Number of protein chains: 2
Amino acid sequence: MSLDAGGAGQGTQRKRADSVRNEQVLLAAAAAVFVASGVDAPVREIAGKAGVGVGTIYRHFPTRADLIIAVYRHQVEACAEAGPALLADTKSPHSALGQWIDLFVEFLVTKHGLAAALQNDRDGFDALHTYFVDRLVPVCADLLQAAVAAGEIDPSISAYQLMRGVGNLCAGDGKDPGYDAGHLVKLLIRGLARPALRRG
Amino acid sequence: MSLDAGGAGQGTQRKRADSVRNEQVLLAAAAAVFVASGVDAPVREIAGKAGVGVGTIYRHFPTRADLIIAVYRHQVEACAEAGPALLADTKSPHSALGQWIDLFVEFLVTKHGLAAALQNDRDGFDALHTYFVDRLVPVCADLLQAAVAAGEIDPSISAYQLMRGVGNLCAGDGKDPGYDAGHLVKLLIRGLARPALRRG
DNA sequence: TTGCTAAACGGAACGACGTTCCGTATAGTC
DNA sequence: GACTATACGGAACGTCGTTCCGTTTAGCAA
């Protein structure tokens, strides 16, 4: 639950370089495994992917739920930072929005697993949920507004509504082989474009 | 998935008496354990409560999900049959309704666990859900109508709406120690009574 | 560079779980 | 009472999350 991001503040022990590195590797590996195999993936699989022993995972994240929470926060942060970056790197805000939503969809896999992992901690879950909403809605709003300003989409939807819609499309994804949430989301984003631009 | 309730129909093998008896004992024990310890209760605990070995459970119910499904169907049936019986045994339909809702609340524990147990079988879950609605809504409607006819409650609510409300009150119950769904349900039922009767 | 030590590491080991297996007991039949 | 298909009990198996501990190494001082 520490919000301190490892700064060398006085009094806090300086962490070893390999420890810091492994923590990042673990977060990335866990995120990848969660997307590939779902949040029920065994800890050993994550350890293997990261190239570390299971003991290392448990020193960084005392319990499985802690790991999922950490991945969740990490993903929220990565998603939030990716928004402005995507906007800066492309000439088309609508395209940036599409790429950002892709990241968001990947992130939702972790988010949906969170509820199951935090069965006994509704307060903790709610806190993470509001953190997620507060952090990401403004980012999405910026992307939307940029696309509107560029004349690529109509201002017919709020950031919150779009994110809710995408979230709902992704609910239960991965369980039914006949359901491809990712594709539906792509269609939704394409549908946002103004008619004159709606191609491919 | 057999709908055949063990009748000695031609071609079907006659089951041994102890087998039939154990199946009933197991359904009752599992239902009790699910209510007491949640649907995540270990199979061994159910076997112990029923006084049988785990092997016996697995001969009757090949997998854990099968057991939960069987308990679910059994509870739906018991709940459905209890409605008319309660109505016949009491002079106050409103009281009968209250007792019936108590059974329904116990049943919901199993129902909520069902979704988790059937993660990979959305169709199966939906089928069971419609079975549940079709079977129980009419029973609840009869109880409601009897209470209305007796002048004990106002006809201000439909059976479906009442059951949905109770179901929603019970969602997430047992996770937060500060939340007692059973008590809220009791208040709801009491609130159904016409003002002149609303005591204790 | 070398030596020291606290910190971090890897993976075997543990206990609990769902599930399977098989030797034993028994209900049903003659 | 004897025979046999059926059902039973519970030990055993493989997998999981988690713990433990002997080994390795990063960071630092000489």
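Order of the sequence lines sets the chain letters (A, B, ...), proteins ahead of strands, with each chain counted from 1. None of the values given here were measured: they were computed from a predicted structure.
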Subject >> Partners meeting side chain to side chain contact (heavy atoms under 4.5 Å, CB included) with B:Ile157 (sequence neighbours left out) >> reply: B:Leu144, B:Gln161, B:Leu162, B:Leu192
**OP:** To the nearest Å, give me how far apart CD1 (A:Ile57) and C1' (D:dT18) are.
**Re:** 11 Å
Original post:
Does A:Ile189 offer a backbone N or O that forms a donor-acceptor pair with the side chain of A:His94 under 3.5 Å?
Top reply: yes
Original post:
Is any side-chain heavy atom of A:Val166 closer than 4.5 Å to a side-chain heavy atom of A:Leu108?
Top reply: yes
Original post:
Picking from C:dG18, C:dG10, D:dT18, which would you name as closest to the side chain of B:Val43?
Top reply: C:dG18
Tabulate atom names and distances for all N/O pairs under 3.5 angstrom spanning the protein and nucleotides 27-30 of chain C.
unit_1 : atom_1 : unit_2  : atom_2 : d
C:dA27 : O4'    : B:Arg16 : NE     : 3.4
C:dG28 : OP1    : B:Ala17 : N      : 3.1

Subject >> Nearest heavy-atom neighbours spanning B:Thr90 and B:Ala96 >> reply: CG2-CB, 3.5 Å
Original post:
Sequence neighbours excluded, which residues qualify as side chain to side chain contact (heavy atoms under 4.5 Å, CB included) partners of B:Phe132?
Top reply: B:Tyr72, B:Val76, B:Phe104, B:Phe107, B:Lys111, B:His129, B:Leu136, B:Met163
Original post:
Less than 4.5 Å apart, any side-chain heavy atom of B:Val185 and any of B:Cys170?
Top reply: yes
**OP:** Would you tell me if any nitrogen or oxygen in the side chain of B:His60 comes within less than 4.0 Å of OP1 or OP2 on D:dA7?
**Re:** no
Original post:
Counting only side-chain N and O atoms of B:Arg64, is one of them less than 4.0 Å from OP1 or OP2 of C:dG18?
Top reply: yes
**OP:** For B:Asp66 and B:Thr63, run side-chain contact (heavy atoms from CB on, under 4.5 Å): C-alpha distance rounded to whole Å, both residues' side-chain angles, the deciding distance at 0.1 Å, then the answer.
**Re:** CA-CA 5 Å; B:Asp66 291 323; B:Thr63 185; 2.8 Å; yes
Subject >> B:Tyr58-B:Val52 co-clustered via ILVMFWY side chain contacts under 4.5 Å >> reply: yes
Original post:
Is B:Asp102 close to B:Glu106 at the side-chain level, that is, under 4.5 Å between some pair of heavy atoms?
Top reply: no
Original post:
Are B:Asn22 and D:dA7 close enough that a side-chain N or O sits under 4.0 Å from OP1 or OP2?
Top reply: no
Original post:
Heavy atom of residues 44-54 of chain B under 4.0 Å from DNA chain D: which residues?
Top reply: B:Arg44, B:Gly51, B:Val52, B:Gly53, B:Val54
Original post:
A:Thr63 side chain N/O closer than 4.0 Å to the phosphate oxygens (OP1, OP2) of D:dG17?
Top reply: no
Original post:
Would one find a side-chain N or O of A:Ser19 under 4.0 angstrom from OP1 or OP2 of C:dA7?
Top reply: no
**OP:** Just grab all the salt bridge (charged side-chain N to carboxylate O under 4.0 Å, His left out) pairs involving residues 75-96 of chain B, residues at least two apart or on different chains.
**Re:** B:Glu77-B:Arg135
Original post:
Considering heavy-atom distances to DNA chain D, does A:Pro42 or A:Pro62 have its closest nucleotide positioned more toward the 5' end?
Top reply: A:Pro42
Original post:
Side-chain N or O of B:Tyr58 less than 4.0 angstrom from OP1 or OP2 on C:dT20?
Top reply: no
Original post:
Whole-Å distance between D:dT18 C1' and A:Leu67 CG?
Top reply: 13 Å
Original post:
Are side-chain heavy atoms of B:Leu67 and B:Val71 found at a separation under 4.5 Å?
Top reply: yes
Please list, for nucleotides 3-5 of chain C, all pairs of protein and nucleotide N/O atoms separated by less than 3.5 Å.
none

Original post:
How long is the line joining CZ of A:Arg59 and P of D:dC20, in whole Å?
Top reply: 13 Å
Original post:
What is the distance, rounded to the nearest whole Å, between atom CG of B:Asp40 and atom C1' of D:dG17?
Top reply: 15 Å
**OP:** Pick out which of B:Ile68, B:Ile69, B:Val43, B:Leu27 makes a side chain to side chain contact (heavy atoms under 4.5 Å, CB included) with B:Phe61.
**Re:** B:Leu27
